[in-house]
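Take a look at the structure below.
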Amino acid sequence: MTKKILITGGAGFIGSHVVRRFVTEYPNYTIVNLDLLTYAGNLENLKDIEQQPNYVFEHGDIADIDFVTSLFEKYNFDGVIHLAAESHVDRSITDPFSFVRTNVFGTVTLLNVAKNTWKNDFSGKRFYHISTDEVYGSLGNEGYFVETTPYDPQSPYSAAKASSDHFVRAYHNTYGMPVVVSNCSNNYGPNHFPEKLIPLCINNIKNKKPLPIYGKGDNIRDWLYVIDHARAIDVIFHNAENGETYNIGGNNEWTNLDLVKYLCAVMDKKLGRAEGESAQLITFVTDRAGHDKRYAIDSSKLMQKLGWKPSVTFEQGLELTVDWYLANEEWLQNVVSGDYEKYYMTMYK
Ligand code: NAD
Ligand code: DAU
C-alpha cells in the first residue's frame, strides 16, 4: 500500500532512526522529513538514506502555520509521526518560552492544519504524537508509570510536552481526529546529541574531561536503545487503535552514578585504559533544579497487545553505542564545535 507520511523532527536523535526505519522498511511509502535544523537537528544523521527515492527533506518550522499548510497541500499526507520538539530539560529551565513555542504551539499548528486539510474526513488518516514518560512526574522508590497514571509534569520541558499531549487528545475528543500517543522512557544510542548524560559522558571520557553528576547521582532513569524505540513506533503507528496511548520502556533502571561507572568500565576496556581510570573523572556538581527522582515505565500493554519487546539488552546496546561514537569521531567533532562549547561553558561553569 502506498502512503505519504510526514515525520517531524527527523533530523534529530530519535527522529533520524524513525526516518531510516520507515524509508528502508516501507519502500512504497513516501517519507517527508520536516525539520527546522535547530542545534539538535543534523542531516549527517541521515547521510546513508538521503538518496533513497522514497525520502524527501523539507526545511521548515512546525510552528509556521502558512508553511505547514502549504506542505499539507503539496503532499496530501496520510499520516503524521510527530517528534519535533525542544527536548533537553536543562535548556527548558533557562529558556521555557522556546519549549512553549515548539512543543505546544508547534503541535497545535500541526493538529489544526491536519484537521483543516483533511476536512474532517479522517478515513485512512493517523496523527501519531511521540511523547515522554516525564509527563507523569516523578516516582518514589516503588511503582511504575502506566498509561492511566495521572499527569504531573515537574519541569518546563515536561509541562510543555504534557500540554501538547492534552491538545492531541482534545483534537481526538472534539473533532474525532484519529490520534495515537506514546510515552517513552530515556533513549540512548547512536546520534544522541552530547548535551544528554550518556553521550556527554562518552565524549568526556574519551577526552579525559570531568564527568558531571548532578546532586548525589542517585536519580533513576529507565534506559531504552533508540532502535527499539523506533521499532515500537513502527508497531504502534501501524497497529494501535485510534485514541490509544502506549507506554514504551526498557525495564532497565539505573541510578545515574551506577550508569556512569558502568560506562567508564566499558570504555576503559575499549580504550585500553587501566581498570578504574575513567571513573576518577566523576565529579559531583550542583543538582538540576526540580530534578525528578525516578522514572520507570510499565510497557506491558504494548508487549501484550502489540507484541513488542526490546531486541537488545542494555549491555549490548551500550556497547553498540560506545562503538558507534568511537567510530564516528567526525560526527562528534562537528556537533561539539561552535555553539556547543558556549552552551557547555554556561551549563558547567
Ligand atoms: P532532539 O532534540 O534530538 O531532536 C529534535 C528535532 O526536532 C531536531 O532535529 C530539531 O531540529 C527539530 N525541531 C526542533 N524544533 C523544531 C521546529 N520548530 N520545527 C521543526 N523541527 C524542529 O530530540 P529527541 O531526543 O530525538 O526527541 C524526539 C522526540 O521524542 C521529542 O518529542 C521528545 O520529547 C521525545 N522523547 C525523547 C526521549 C529521549 O530520551 N530523547 C524520550 C521520550 C520521548
Ligand atoms: O525520560 C525521557 C526523557 O529523557 C526525554 O523526554 C528527554 O527528552 C530526554 O532528554 C531525557 O531527559 P533526562 O533529563 O532524563 O535526560 P538527561 O540525559 O538530560 O539526564 C539523565 C539523568 O542524568 C538525569 O537524572 C540528569 C542527570 N545528568 C544529566 C546531565 C546532562 C547528570 O547527572 N549530569 C549531566 O551532565
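Counting starts at 1 for both ligands and their atoms, in listed order. Because only heavy atoms are used, hydrogens play no part in the values below, and waters and symmetry mates are left out as well, while side chains stay in.
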For ligand 1, note which part of [X] has a heavy atom under 4.0 Å away: side chain, backbone, both or neither.
X: Leu37; value: backbone
X: Ser131; value: backbone
X: Thr102; value: side chain
X: Tyr157; value: side chain

Between the candidates [options], which shows the shortest non-hydrogen contact distance to [atom]?
atom: atom 13 (P) of ligand 2; options: Glu134, Lys161, His291; answer: Glu134
atom: atom 28 (N) of ligand 2; options: Tyr188, Tyr214, Tyr344; answer: Tyr214
atom: atom 7 (C) of ligand 2; options: Ala85, Ser87, Pro199, Gly215; answer: Ser87

Do any nitrogen or oxygen atoms of [X] lie less than 3.5 angstrom from nitrogen or oxygen atoms of ligand 1?
X: Ile14; result: yes
X: Ala63; result: no
X: Asn42; result: no

### Reported CZ-to-OH distance for the pair Arg91 and Tyr343, which is rounded to 0.5 angstrom
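Between atom CZ of Arg91 and atom OH of Tyr343 there are 5.5 Å.
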### Query
Between CG of Leu110 and OG1 of Thr8, what distance do you get to the nearest 0.5 Å?
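Reported to 0.5 Å precision, the distance equals 6.0 Å.
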Nearest-contact summary for [atom] - protein heavy atom, Å:
atom: atom 40 (O) of ligand 1; value: Asn187 N, 2.9 Å
atom: atom 14 (O) of ligand 2; value: Arg288 NH1, 2.6 Å
atom: atom 4 (O) of ligand 2; value: Asn186 ND2, 3.1 Å
atom: atom 43 (C) of ligand 1; value: Cys184 O, 3.3 Å
atom: atom 19 (N) of ligand 1; value: Ile62 N, 3.0 Å
atom: atom 3 (O) of ligand 1; value: Phe13 N, 3.1 Å
atom: atom 4 (O) of ligand 1; value: Gly12 CA, 3.5 Å
atom: atom 21 (N) of ligand 1; value: Leu36 N, 3.1 Å
atom: atom 9 (O) of ligand 1; value: Asp35 OD2, 2.6 Å
atom: atom 5 (C) of ligand 2; value: Tyr157 OH, 3.6 Å
atom: atom 42 (C) of ligand 1; value: Ser185 O, 3.3 Å
atom: atom 27 (C) of ligand 2; value: Asn256 ND2, 3.4 Å
atom: atom 36 (O) of ligand 2; value: Tyr348 OH, 2.6 Å

May I ask you to establish whether [X] and [Y] are in a cation-pi arrangement, using a distance under 6.0 Å from NZ or CZ to the six-membered ring centre and at most 45° from the ring axis?
X: Lys209; Y: Tyr348; result: no
X: Arg294; Y: Tyr144; result: yes
X: Lys4; Y: Tyr75; result: no

Numbered atoms of ligand 2 (with element) below 4.0 Å of [X], judged on heavy atoms:
X: Lys196; answer: 10 (O), 18 (O)
X: His88; answer: 19 (O)
X: Asp133; answer: 1 (O), 2 (C)
X: Thr132; answer: 1 (O), 2 (C), 3 (C), 5 (C), 6 (O)
X: Glu195; answer: 31 (C)

Where ligand 1 meets [X] - atom numbers and elements under 4.0 angstrom, heavy-atom basis:
X: Gly60; answer: 19 (N), 20 (C)
X: Ala85; answer: 5 (C), 7 (O), 14 (C), 31 (C), 32 (O)
X: Asp61; answer: 17 (C), 18 (N), 19 (N)
X: Ser87; answer: 1 (P), 2 (O), 23 (O), 25 (O)
X: Asn186; answer: 40 (O)
X: Thr38; answer: 10 (C), 11 (O), 14 (C), 15 (N)
X: Ile130; answer: 30 (O), 32 (O)
X: Lys161; answer: 31 (C), 32 (O), 33 (C), 34 (O)

Would you please indicate if the ring centroids of [X] and [Y] are separated by under 6.0 Å?
X: Trp254; Y: Phe314; answer: yes
X: Phe22; Y: His238; answer: yes
X: His166; Y: Tyr151; answer: yes
X: Tyr171; Y: Phe127; answer: no

### Query
With a 4.0 Å cut-off, would you call Asp234 and Arg21 a salt bridge?
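Yes, Asp234 and Arg21 are salt-bridged.
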#### Entry: Under 3.5 Å donor-acceptor, Glu244 side chain and Val181 backbone
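Not a single qualifying donor-acceptor pair exists.
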### Query
For the side chain of Asn252 and the backbone of Trp223, is there at least one donor-acceptor N/O pair under 3.5 Å apart?
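Pair found, side chain donor or acceptor close to backbone of Trp223.
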### Message
Between ligand 2 and Pro212, is the shortest N or O to N or O distance under 3.5 Å?
### Response
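Checking ligand 2 against Pro212, an N or O pair does fall under 3.5 Å apart.
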### Message
Against ligand 1, does Leu83 come closer than 4.0 Å with any heavy atom?
### Response
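Leu83: in contact with ligand 1 (<4.0 Å).
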### Query
Has Gly10 got any heavy atom lying under 4.0 angstrom from an atom of ligand 1?
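Contact check Gly10 vs ligand 1: negative.
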### Message
With a 4.0 Å cut-off on heavy atoms, is Met347 in contact with ligand 2?
### Response
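Checking ligand 2 against Met347, which is what was asked, there is no heavy-atom contact under 4.0 Å.
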### Message
Run Tyr136 and Tyr295 through ring-ring contact (aromatic ring centres under 6.0 Å, His included) and show every step you take.
### Response
CA-CA 9 Å; Tyr136 298 123; Tyr295 307 142; 9.7 Å; no
### Message
Counting only heavy atoms closer than 4.0 Å, does ligand 2 sit against the backbone of Leu197, its side chain, both, or neither?
### Response
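The answer is both.
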